[in-house]
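What follows is a set of notes on a single structure, which appears directly below.
To find a chain, count down the sequence lines: A is the first, B the second, and so on, and within it residues start at 1.
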There are 2 protein chains.
Amino acid sequence: MREFLKTKGFKMTPQRERIFKAFFGLGQHVTVDELYAKVRESDRSIGYATVWRNLKLICKVGLAEEVNLGDGVTRYDRITREPHGHLFCLGCKKLIEFETTEMVPGLTAVASAQRFKPEGFKIEITGYCEKCQSEHKEAETPQAVRW
Amino acid sequence: MREFLKTKGFKMTPQRERIFKAFFGLGQHVTVDELYAKVRESDRSIGYATVWRNLKLICKVGLAEEVNLGDGVTRYDRITREPHGHLFCLGCKKLIEFETTEMVPGLTAVASAQRFKPEGFKIEITGYCEKCQSEHKEAETPQAVRW
DNA sequence: ACAACCAATGAAAACGATTTTCACTTTCAA
DNA sequence: TTGAAAGTGAAAATCGTTTTCATTGGTTGT
């Protein structure tokens with residue numbers, strides 16, 4: 001890892017070591033807060049900004065990517081072997097992954113038809129998971145608009 | 001429109017009238033700021049919050065939907081006849097649409113395989129448009145991490 | 001038409017996640 | 001070892017979004 005970072009032009013530090021380890025130890029779709037909490041378990045002196053900066057760094061060196069579901073928080077998703085999409089439950093906010101390998105050629109074709117150079121694909125389905133479907137009530141004819 | 005809103009349980013107001021007109025007059029993928037600016041051209045007294053609330057309202061009554069590209073601003077996309085995806089240029093931030101009608105059945109199948117009730121599909125391709133490809137330099141071996 | 005009720009508005013403040021600043025420390029290459 | 005450049009931590013700044021609150025103004029029933 002130290003060598004890998006060096007080839008990218010970055011230095012290894014103790015904090016970085018812990019942050020990287022924690023990030024790759026956690027599952028997918030990690031938020032800054034989650035990683036910060038995790039890192040703090042092993043070192044109470046590491047600051048929030050450092051965790052944030054390293055999450056950005058991990059993306060910059062190509063080991064993860066940001067995922068935005070529109071709920072106000074950025075998640076960081078480890079880049080895995082296979083491209084995948086997300087099912088995002090509007091009820092419990094849970095993310096489920098699904099394979100999208102076979103969709104990529106089609107999307108690539110769409111892009112090149114527009115002379116567009118693709119960098120990344122994002123496929124998301126929002127809705128309600130099995131558990132939340134029953135609990136979810138249709139908010140019909142709202143009596144007032146409260147936001 | 002007045003009648004339509006009434007059936008949904010909302011009132012028509014002069015401000016609402018102007019905001020709706022401006023929104024449907026503008027193209028797709030409108031931001032709050034853009035709509036606010038547009039609305040202000042015809043009425044300097046309309047507040048930002050009102051524009052924002054009405055954009056939310058337009059979504060609530062099913063005439064538009066929020067689009068999040070991960071660049072920090074929410075865009076509001078008029079719901080059109082055909083489902084579509086977006087090509088988002090990381091250079092000039094321009095959005096290009098493309099048809100996704102034939103992809104929907106596949107995604108619906110993915111969802112139901114997980115017993116997931118889909119509410120919306122999002123397909124996005126990030127990259128660089130023809131114009132920006134030449135101007136875009138590969139930020140290789142950064143000399144320092146500045147954010 | 002009138003009153004009463006409740007939604008809508010505008011300005012400003014609150015929020016909250018993200019990003020930057022700054023002074024200080026650490027890494028790494030020469 | 002030593003200097004230059006990168007990294008860190010705490011705090012503050014940003015910035016888009018959302019809420020609050022007092023006031024205005026539609027809508028409905030009489």
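If you measure from atom CD of A:E66 to atom P of C:dT18, you get 8 Å, rounded to the nearest angstrom. Note: NZ (A:K11) to C1' (C:dA29) measures 9 Å, nearest angstrom. One can place CZ of A:R40 at 13 Å from C1' of D:dT8, the figure rounded to the nearest angstrom. If you measure from atom CD of A:E34 to atom P of C:dA17, you get 12 Å, rounded to the nearest angstrom. In this entry the distance linking OH of A:Y36 with P of C:dA17 reads 14 Å, nearest Å. The nearest whole Å value for the distance from the CG atom in B:D43 to the P atom in C:dA8 is 18 Å. Atom P of nucleotide D:dT17 and atom CG of B:N68 are separated by 8 Å, given to the nearest angstrom. When rounded to the nearest whole Å, the span between CD of A:E3 and C1' of C:dC28 equals 12 Å.
Look at B:T74 and you'll find a side-chain N or O under 4.0 angstrom from OP1 or OP2 of D:dT17. A:T13 has no side-chain polar atom (N or O) that falls below the 4.0 Å cut-off from OP1 or OP2 of C:dT26.
Residue-to-nucleotide contacts include no donor-acceptor pair under 3.5 Å from the side chain of A:R75 to the base of C:dT18. A donor-acceptor contact under 3.5 angstrom links the side-chain atoms of A:R53 to the base of D:dG9.
B:T31 comes within 4.0 angstrom of no nucleic acid atom, judged by non-hydrogen atoms across all strands. Across all strands, B:R44 comes closer than 4.0 Å to no nucleic acid atom at all (heavy-atom distances).
A heavy-atom distance below 4.5 Å is found between the side chains of A:L63 and A:M1. Residues A:E124 and A:V67 meet the side-chain proximity criterion, which asks for heavy atoms closer than 4.5 Å.
Judged purely by atom type and a 3.5 angstrom limit, B:Q133 uses its side chain to pair as donor or acceptor with the backbone of A:R115. In this structure, A:E66 contributes its side chain and A:C59 its backbone to no donor-acceptor pair below 3.5 Å. Looking only at distances, no side-chain donor or acceptor of B:T100 sits under 3.5 Å from a matching main-chain atom of B:M103.
Checked against C:dT18, D:dT8, D:dT17, the side chain of B:W52 finds its nearest nucleotide in D:dT17. Of the candidates D:dT27, C:dC28, D:dT18, C:dC28 carries the atom nearest the A:R2 side chain, counting heavy atoms from C-beta on. Distances were taken from every side-chain heavy atom of B:Q15 (C-beta onward) to each of D:dT28, C:dT9, D:dG9; the shortest belongs to C:dT9. Distances were taken from every side-chain heavy atom of B:Y48 (C-beta onward) to each of D:dT8, C:dT19, D:dT18; the shortest belongs to D:dT18. Distance from the side chain of B:V32 is smallest to D:dT17 among D:dG7, D:dT17, C:dG10.
Comparing B:V73 and B:A49 against DNA chain D, the residue whose closest nucleotide sits nearer the 5' end is B:V73.
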